[in-house]
Amino acid sequence: MPRATPPATPKPTPARRRGAWWLRWLGWTLLAGLSLQAWFALRVGVLAWVDAPSTTFQRTEAWRLARTGELGRWRHQGVPTERLSPQLMRAVIASEDSGFTEHFGVDWQAMQSAWQRNQRQWQQAARRAGDGPVRPARLAGGSTITQQLAKNLLLSGERTLLRKGQELLIAWMLEAMLDKRRILTVYLNSVEWGDGVFGAEAAARHYARKSAAQLSAAEAARLAVLLPAPKRYGRRPDSAYLSGRAQTVLARMPAVRLP
């Protein structure tokens, strides 16, 4: 009896080949994304016990100073929480993130308020410019201390929706794996306080000629108001504008609850 010939396997159509390619691409993209989040989570988890030797932003700034031959201006020194003045903690929370102890990494109300302020400033700039070019207004941020730490710690400074989304994810990782006091300590030890000046200890010695543990309430307030634009404000830390801002922060500090 003759053996039956098996039916020929139909060749995949171009549409099916494209569909298979897209599925493979989607799978590899998903795997890469999950691997990246796992790497970020590992880096964040280690911070519970070990201080970060440097942040992405610090390395970028160090490379910039090295290229211009100014690396000698670099100042950075991390210290434990016990050597950070409680007055400085209060001042930074009062100035940068009054809801720090209440939110889970993101203050949605502050972000919405910042977006509305930015929209008004752009509209005012457009009206003043008329038919001419629009000069960018000074934009409000709305980022919490946790978000600022997430951005400086692991991300670039580019302003894209993808980078902002990743910043939110890392902020939630920080809140989930570290307590508030640890987040604040890591932030104070790594944030920029002037051109080449990083961390509260280096800032205190640079501006007040004393350690971060010895800062008075007024000195802490003066340091805190530098943070929104440390390179620019650091050139004139005793300006009338910053002195007025420091007085406002000083008045708010007694109401701040430390983590």
Side-chain angles (χ1 to χ4, degrees), residues 47-48 51-52 55 57-58 74-105 107 110 140-153 171 174-175 178-259:
L47 289 176
D51 291 332
T55 67
F57 182 71
Q58 285 175 348
W74 182 266
R75 300 287 184 274
H76 178 234
Q77 181 181 355
V79 294
T81 309
E82 296 73 24
R83 289 173 56 189
L84 292 170
S85 167
Q87 299 290 4
L88 182 60
M89 294 183 179
R90 288 191 177 89
V92 170
I93 292 174
S95 177
E96 293 289 289
D97 184 4
S98 59
F100 176 67
T101 58
E102 308 299 327
H103 61 64
F104 191 72
D107 189 335
S143 293
T144 64
I145 285 174
T146 313
Q147 286 176 267
Q148 294 177 47
L149 176 58
K151 179 183 68 174
N152 293 338
L153 192 65
L174 285 163
E175 293 282 346
L178 279 62
D179 61 40
K180 290 285 188 179
R181 195 169 183 84
R182 181 60 177 162
I183 291 172
L184 185 58
T185 297
V186 176
Y187 174 79
L188 292 175
N189 275 324
S190 60
V191 72
E192 182 186 35
W193 246 295
D195 197 8
V197 181
F198 286 87
E201 184 69 14
R205 295 191 180 278
H206 179 74
Y207 293 106
R209 302 294 186 266
K210 59 178 63 175
S211 72
Q214 298 172 320
L215 291 170
S216 67
E219 290 166 337
R222 283 188 169 273
L223 283 185
V225 298
L226 298 177
L227 290 176
K231 287 188 180 70
R232 176 156 51 92
Y233 293 159
R235 298 189 193 104
R236 295 186 59 200
D238 297 322
S239 69
Y241 170 75
L242 291 179
S243 296
R245 283 281 302 136
Q247 289 301 314
T248 300
V249 170
L250 189 62
R252 293 174 180 170
M253 285 167 56
V256 171
R257 183 169 65 87
L258 290 180

**OP:** With the side chain counted from C-beta on, respond yes when Asn152 and Glu192 share a heavy-atom pair under 4.5 Å apart, and no when they do not.
**Re:** no

**OP:** Give a yes or no on whether the backbone of Ala171 and the side-chain of Thr146 come within a donor-acceptor separation of less than 3.5 Å.
**Re:** no

Subject >> Over all atoms of both residues, closest heavy-atom pair of Leu153 and Ala52 >> reply: CD1-CB, 4.1 Å

Original post:
Can you check whether Tyr207 reaches Leu223 side chain to side chain, under 4.5 Å on heavy atoms?
Top reply: yes

Subject >> N/O donor-acceptor pair under 3.5 Å between Arg83 side chain and Ala213 backbone >> reply: no

Original post:
Which word best sums up how the rings of Phe198 and His76 line up, parallel for under 30°, tilted for 30 to 60°, or perpendicular for over 60°?
Top reply: perpendicular

Original post:
Do the non-hydrogen side-chain atoms of Leu227 and Gln148 ever get within less than 4.5 Å of each other?
Top reply: no

Original post:
Any sub-3.5 Å donor-acceptor pair from Gln87's side-chain atoms to Leu215's backbone N or O?
Top reply: no

Original post:
Between Arg205, Arg209, Lys210, which is the residue that forms a salt bridge (charged side-chain N to carboxylate O under 4.0 Å, His left out) with Glu219?
Top reply: Lys210

**OP:** For the residue pair Ser95 and Arg245, establish whether any side-chain heavy-atom pair is separated by less than 4.5 Å.
**Re:** yes

Subject >> Minimum heavy-atom distance Ser211-Glu201, with the two atoms named >> reply: CB-OE2, 3.5 Å

**OP:** Evaluate the side-chain proximity of Ile183 to Phe100: yes if any heavy-atom separation is below 4.5 Å, no if none is.
**Re:** yes

Original post:
What pair of heavy atoms forms the shortest contact from Gly78 to Asn189, and how long is it?
Top reply: CA-OD1, 3.5 Å

Original post:
Any side-chain heavy atom of Arg236 sitting closer than 4.5 Å to one from Leu242?
Top reply: no

Subject >> Side chain proximity check, Leu184 to Ile93, heavy atoms < 4.5 angstrom >> reply: yes

**OP:** State the OH-CG distance between Tyr187 and Leu174, to the nearest 0.5 angstrom.
**Re:** 13.0 Å

**OP:** With rounding to the nearest 0.5 Å, note down the distance linking CG in Leu188 to CH2 in Trp193.
**Re:** 5.0 Å

Original post:
So, does Arg90 use its side chain to make a donor-acceptor pair with the main chain of Ala217 at under 3.5 Å?
Top reply: no

**OP:** Provide the closest heavy-atom pair for Glu96 versus Ala224 in the form atom of the first, atom of the second, distance.
**Re:** OE2-O, 4.5 Å

**OP:** Grab the two heavy atoms, one from Ala94 and one from Met253, that are nearest each other, plus how far apart they are.
**Re:** CB-CG, 4.3 Å

Original post:
Do Pro237 and Leu226 have side-chain heavy atoms sitting under 4.5 Å apart?
Top reply: yes

